[in-house]
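So the structure is just underneath, and the comments pick up after that.
Values below: every heavy atom of this structure, side chains too, minus hydrogens, waters and symmetry copies. If you're wondering where the values come from, they're calculated on a predicted model, not measured in any experiment.
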Amino acid sequence: MIALSALICVLLFANWHSAAPNEATVVRRYYVSNSGNDASAGTISAPFKTIRKINSMNLEPGTVIFFKGGETFNGTLVIGVSKSGTDAHRNAIASYGDGEAVINGDSGRAISVYRADNIAIITLKLIGLGRKTGNHENGLAIINSSNISIDHVDISGFQKSGLLVDSSSHVKCEYVFAHDNGSAGITVEGRDSKKDSRDIYIRNCRAENNPGDPTKLDNHSGNGIVVGHCTNVDISWCTATNNGWDMPRIGNGPVGIWCYEADSVMIRDCLSYKNKTSKGGADGGGFDLDGGTTNSTIQYCYSYGNQGSGYCIFQYWGASPWYNNTICNNISEDDGTVSDSQAGLYIWNSSDDPKQFYNCRVYDNIIYNSKVAAISFSDKSENSGFEFYHNIFVGKDSLIRGRDILARCKFTGNDWWSIDGKFKAWGIDNFKKWAIKFGQEQKKGKIVGLNIKPAFKNPDLTKLTDAGQIGRLQGYQFSKVSMLKKRFGGDLKQTLLNESMY
């Protein structure tokens with residue numbers, strides 16, 4: 001539990017990026033306790049009793065509403081224009097005393113922030129009736145609002161998303177634990193444009209066991225963290241696991257952490273593992289740059305044991321053009337063994353138009369799969385300008401599933417290794433013959449790709465259960481006997497840790 005003084009110093013400051021907050025930004029405090037009375041003064045010695053009382057109040061800028069820790073308050077807390085703070089004096093909702101206060105949204109929302117600005121929400125637990133047992137809403141909904149921060153909030157039991165950010169800007173989410181919800185743990189979306197939601201920061205959050213929305217029969221559900229119709233989004237040090245296992249349909253499915261119809265999204269230093277999809281459903285992957293994504297990056301991320309591919313490169317029919325995206329310095333281990341990808345990295349384009357799907361760089365990744373292929377091309381994978389270089393691709397047998405239909409992908413300076421037979425791709429079991437026949441892994445007529453067993457010291461990500469452990473990873477270093485280390489210029493794993501943007 002964060003102490004009151006720490007709360008004031010961390011959150012209630014005039015500017016988001018200020019390094020010198022102070023308690024002078026707090027103008028008024030109100031307290032709410034089950035032992036209180038709505039007719040009282042709302043002081044710590046004479047607190048209010050209900051959410052209904054707070055909903056009825058207009059708040060002057062610089063007001064903090066404290067709910068008593070360890071107690072449960074029923075209803076939906078509504079934060080609108082009349083409760084907005086200012087740049088100089090933000091308003092806040094928090095707990096006081098011992099433990100977190102619980103807001104029980106029952107069948108609806110726990111907190112609704114609508115057309116409000118300069119609000120902080122911290123150290124609360126939000127609960128609903130459950131995705132299949134009566135709730136039909138999002139847990140914490142932030143709609144048409146700006147300068148909102150959410151910190152150390154636990155959200156569970158909602159049919160839709162635990163946290164929804166819709167058509168809002170300058171929203172900062174840290175240490176949100178969104179679990180046991182339906183549609184997603186955390187969702188960012190808008191109505192029509194990539195600029196509907198913008199400047200969103202999702203950091204140190206965890207989305208776990210969000211199985212699916214039982215009422216959503218026409219599209220995917222059960223995502224960990226999904227952002228769409230947005231610009232300038234940073235998702236870092238986040239974890240997604242065991243999501244999507246109860247999506248109530250067969251079709252396109254959920255992913256641990258991903259974006260669509262989005263520009264300038266950075267997904268970095270994140271962990272996505274053991275995510276799932278419905279029986280017979282697609283996807284269930286780790287990370288995804290999906291339809292309409294532009295100028296975005298997945299970097300320094302780890303995935304393992306996902307039913308879909310660890311890294312998905314997708315463009316769906318009807319999306320705006322997908323271009324200028326990067327996947328680099330990541331590791332995938334044994335992903336894609338259940339869904340249709342059957343590989344650690346998957347390329348799919350249902351628009352059938354390479355002009356809608358172009359300019360992708362994939363480099364400095366380790367795709368390690370002891371069960372299926374390293375790379376999969378869908379039957380629909382027309383693309384233009386896709387480059388794969390300085391990666392390590394390890395697959396069980398055939399390294400590549402499917403074909404690059406237009407033969408426009410360029411592979412240069414990668415290492416390829418088939419566990420069951422040294423090399424196998426597109427029906428050829430000799431690396432040099434494959435490279436020559438398909439014009440791959442060459443520069444100026446010289447073969448620059450490699451077919452060397454990586455001989456990793458410890459190819460194992462499974463001890464990682466939280467993104468905060470990434471810096472302690474010991475797997476995927478080259479062993480002393482590895483011939484690849486010298487040829488590749490050192491451990492890719494070390495490159496990940498040394499260059500990561502902390």
Give a yes or no on whether the backbone of [Y] and the side-chain of [X] come within a donor-acceptor separation of less than 3.5 Å.
X: D263; Y: K194; result: no
X: S197; Y: E189; result: yes
X: D290; Y: C259; result: no
X: E261; Y: S320; result: yes
X: S339; Y: G336; result: no
X: N365; Y: I327; result: yes
X: N55; Y: K53; result: no
X: S236; Y: D269; result: no
X: N275; Y: N306; result: no
X: E100; Y: K125; result: no

Using salt bridge (charged side-chain N to carboxylate O under 4.0 Å, His left out), reason through R131 and D180 one step at a time and then give a plain yes or no.
CA-CA 8 Å; R131 67 188 181 97; D180 299 285; over 6 Å; no

Measure up the [X] and [Y] rings against each other and bin them: parallel (under 30°), tilted (30 to 60°), perpendicular (over 60°).
X: F456; Y: Y476; result: perpendicular
X: Y260; Y: W258; result: tilted
X: Y96; Y: F66; result: perpendicular

Member of F314, Y316, W322 meeting the ring-ring contact (aromatic ring centres under 6.0 Å, His included) criterion with F357:
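Only one of F314, Y316, W322 forms a ring-ring contact (aromatic ring centres under 6.0 Å, His included) with F357, namely W322.
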
Side chains of [X] and [Y]: is there a donor and an acceptor less than 3.5 Å apart?
X: D154; Y: H179; answer: yes
X: Q299; Y: T326; answer: no
X: D335; Y: S303; answer: yes
X: D117; Y: N147; answer: no
X: T50; Y: D38; answer: yes
X: N219; Y: N252; answer: yes

May I ask you to say whether D213 pairs ionically with K160, meaning some side-chain N is under 4.0 Å from a carboxylate O?
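Between K160 and D213 there is a salt bridge, with a charged N closer than 4.0 Å to a carboxylate O.
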
Electrostatic pair D199-K172, nearest N-O below 4.0 angstrom:
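No, no charged N to carboxylate O under 4.0 Å.
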
Is it the case that more than 12 heavy atoms not belonging to R249 sit under 6.0 Å from its CZ atom?
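Buried by this count: over 12 neighbours within 6.0 Å.
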
Assess whether atom NZ of K216 is packed by more than 12 heavy atoms of other residues, nucleotides or ligands within 6.0 Å.
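Above 12, so yes.
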
Selection residues 134-144 - residue pairs positive for side-chain hydrogen bond (donor to acceptor under 3.5 Å, both in side chains), sequence neighbours left out
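Found R109-E137.
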
May I ask you to test the [X]-[Y] pair for a side-chain heavy-atom distance under 4.5 Å?
X: L163; Y: I202; answer: no
X: S161; Y: I186; answer: no
X: I267; Y: C301; answer: yes

